[in-house]
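Here the structure comes first, spelled out in structure tokens, and everything after it is commentary.
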Amino acid sequence: MVIQNLINALSVGSVYALLAIGYNMVYGILEKLNFAHGDVYAVGCFVTYALILTATNPFIAIFTGLVVGFLLNLGVERFAYRPLRKAGRIAPTISAVGIAYIMRNAIQLIWGPETFSFDLKIFKLSHFKVGNTQIGTLQIYILAISIGLMILLSLALKYTKWGQAIVCISQSIPTSELMGIPANRVIALVYGFGATLGVIGGLLFCTYYQMIYIGIGFAYGTMKAWMASIWGGIGSLKGSVIGAMALGISEVFVSSYVSSNFRDAFVWLIFIVFILIWPRGMYPAQISEKI
Amino acid sequence: MYKINKRQIFGFVLLAVFCMVPWVINNTYIIKVISNAMLYSIIALSINLIVGFSGQLDFGRSAFAGLGGYFSAVVFTTYHVPFIIAFIGGALFAAFMGALLGLLCRYSSFDYLTLITIGFSEICRKVFEQWYSVTNGSFGFRTSRPSFFGFKFNSQQSMFYFCLVLLILCYIVIRRITKSKMGRGYKAIRDDEIAAAYSGIDIKNYKMVCFIIGSFFTGIAGAAMVHYTMFAAPTNYTIDESLIMLQMPILGGLGSLPGSIIGASVLTLLPEVSRGFYLYRLLFLGILLVILMRFAPNGLLGRHGIKDQIMDYISERRARNNGKPDKTNAEEKVVTAHGRNHEG
């Protein structure tokens, strides 16, 4: 029973991890709350869903969804975040809330507030048994994808010129501009790729739960990804995976051993106590010095 | 001797006209909407105290409205405590929870504070929803109208005056607070925490007291709201509700108390204008917020907000037409430019 719970917790955690990687990448660089992250990538997920309904090749549909997420966040960054980069902390946060509202209302007007069943048609859903515990193949895929993406991104941040530029910008924007880094372009790209990662995470999330609805953006993409990012450490990719696992473990174990009705309340309680004791998260990135 | 200036006369006339509203308008629906706007104004004022004056971004205000409302309703209906005690008790309970949250927030900075307030509001919502024996869970809790010393506020007109008196009392107290030493301290914390600390302001305690005061007023408005609608349901106290409440002072102008009332009125009246608007409500609000933050981050009446910008523009035009710069205008512009620099 404990082992089965652990397996479930890890699979829930790996779904959150994918969402958290995208969130943390954007969050770590500017340390501005991105309230719109979830709702922006939800639009990409819904585009993929609509294309799959029209019997397009799933890979083309996924690719279109990724591109839509990317372009959307480029536009949002240009018009809602860039002009407010120096305007304190409240104004950009509120602006992001506004963007989240716009995206949510757009989804609601185009696709409606219902819950739809979702199937990506590229993963075969099956499971196998080891002793008494059931393991789904999809869960393994998701875990592999999230860890693979994490390693790939860490390597890219460390060994490519663009990655180094991102690290530089997260330390100081004026200095990186003096070094000849086109800060605006790099920040826009980070936002774009953040949304792309979000779309990947969102699609796998929808595949895992076999449904898509308007709440995947805010409830999971923003809140849970944010919690996981802070739990793991702002700006640290490894931290966001570990933080997401911690979130998944606490959710599953609280709901099976403490109370399933009060699950969210207890998870928040654990979380608040944790960040009061350990405010920088488990793996504080060396670069984050602003908070 | 106390002198009455022009502004105060204008205010009293406005108030007198406003007091006539229930006598002139017989439509109870309109009176209901106006009373609702007044109660939301109190919440907007309390949020303005926390977000606008001391610069702490709080996303969990609806939880405090819920705490005050539920406490007052449960104590009044289940335990038959006199109304006035239940009512004030609800506000004090919210203030007490605010003190607990403020205690946590002593040790955390900006982002964490926002996240902790969201977490706190989620915990509160879960408790409202799941603690069946006390709150009747998601079915909602029924209570009754307020009654003072045998007089029961049954009609819409009487509730209108109840809300009006409450709003005026809260406005006066909050205004006094913002004009006091403590209020100036909040502004200093908002503008620059480090500089405020060097000026001898005890930042942590100030923030905590700010949370307590703000929670008290949110709680009192929440309690009044529950007694007014005679119903409390956990769906009224979600994050989305908090965000709507937060937008009221932001629209009116952070740091401007009359602005909060205007913002609350606009955001409560707009959805009532037409039901068809409801579908596009979020879209409208979103575009409004983005444009507002882009061009006037301090809303309608805030420092260098839309009103100031329009006034600046008019006086600039007038000065240009006269051919010589207006002296008072030049002074004013220096002040606003100074304020602008401080925001960054």
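A, B, ... follow the sequence lines: proteins, then strands. Residue 1 opens every chain.
Proximity to chain A is limited to the side chain of B:Leu246, based on heavy atoms less than 4.5 angstrom apart. Residue contact with chain A, scored on non-hydrogen atoms closer than 4.5 Å, is absent for B:Glu129. Interface remark: A:Ile230 contributes side-chain atoms only to the contact with chain B (heavy atom separation under 4.5 Å). Proximity to chain A (any heavy atom under 4.5 Å) is restricted, for B:Phe120, to the backbone atoms N, CA, C and O. Only the side chain of B:Ile250 comes within contact range of chain A, with at least one heavy atom under 4.5 Å from a heavy atom of that chain. At a 4.5 Å heavy-atom cutoff, the contact between A:Phe35 and chain B is made by side-chain atoms alone. Contact annotation for A:Ile102: both backbone and side-chain heavy atoms come within less than 4.5 Å of a heavy atom of chain B. Only the side chain of B:Ile239 comes within contact range of chain A, judged by heavy atoms closer than 4.5 Å. For a residue to count as touching a neighbouring chain, one of its non-hydrogen atoms must lie under 4.5 Å from one of that chain's; by this rule A:Ile94 touches chain B with backbone and side chain alike.
Side chain to side chain, A:Ser240 and A:Ser229 fail the donor-acceptor criterion of an N or O pair below 3.5 Å. For the 3.5 Å distance criterion, the side chains of B:Arg125 and B:Asn236 fail to qualify, holding no donor opposite an acceptor. Side-chain contact of A:Asn34 with A:Tyr191: a donor-acceptor pair under 3.5 Å is absent, judged by distance alone. Between the side chains of B:Thr218 and B:Arg61, at least one donor-acceptor pair of N or O atoms lies under 3.5 Å.
Other residues, nucleotides and ligands contribute at most 12 non-hydrogen atoms within 6.0 Å of the CD1 atom of B:Ile194.
The two residues A:Tyr23 and A:Ala225 have their closest heavy-atom pair at CB-CB, 3.8 Å. Contact detail for B:Gly98 and B:Ile212: the closest heavy-atom pair is C-CG1, 4.4 Å.
Residue with the most contacts toward chain A among B:Gln130, B:Lys126, B:Gln247: B:Gln130 (heavy-atom pairs, distance under 4.5 Å). For the set A:Ala91, A:Ala80, A:Ala96, A:Ala100, the count of heavy-atom pairs under 4.5 angstrom toward chain B peaks at A:Ala91. The choice from A:Asp264, A:Leu109, A:Val267 that makes the most heavy-atom pairs within less than 4.5 Å of chain B is A:Leu109. The candidate from A:Met103, A:Gln108, A:Met223 with the greatest count of non-hydrogen atom pairs under 4.5 Å with chain B is A:Met223. Counting heavy-atom pairs closer than 4.5 Å to chain A, the top residue among B:Ile118, B:Leu288, B:Val51, B:Leu285 is B:Ile118.
Taking the six-membered ring where the residue is Trp, the centroids of A:Phe116 and A:Tyr49 are separated by under 6.0 Å.
A cation-pi arrangement is present between A:Arg104 and A:Phe218, with the terminal nitrogen or guanidinium carbon under 6.0 Å from the aromatic centre and inside a 45° cone about the axis.
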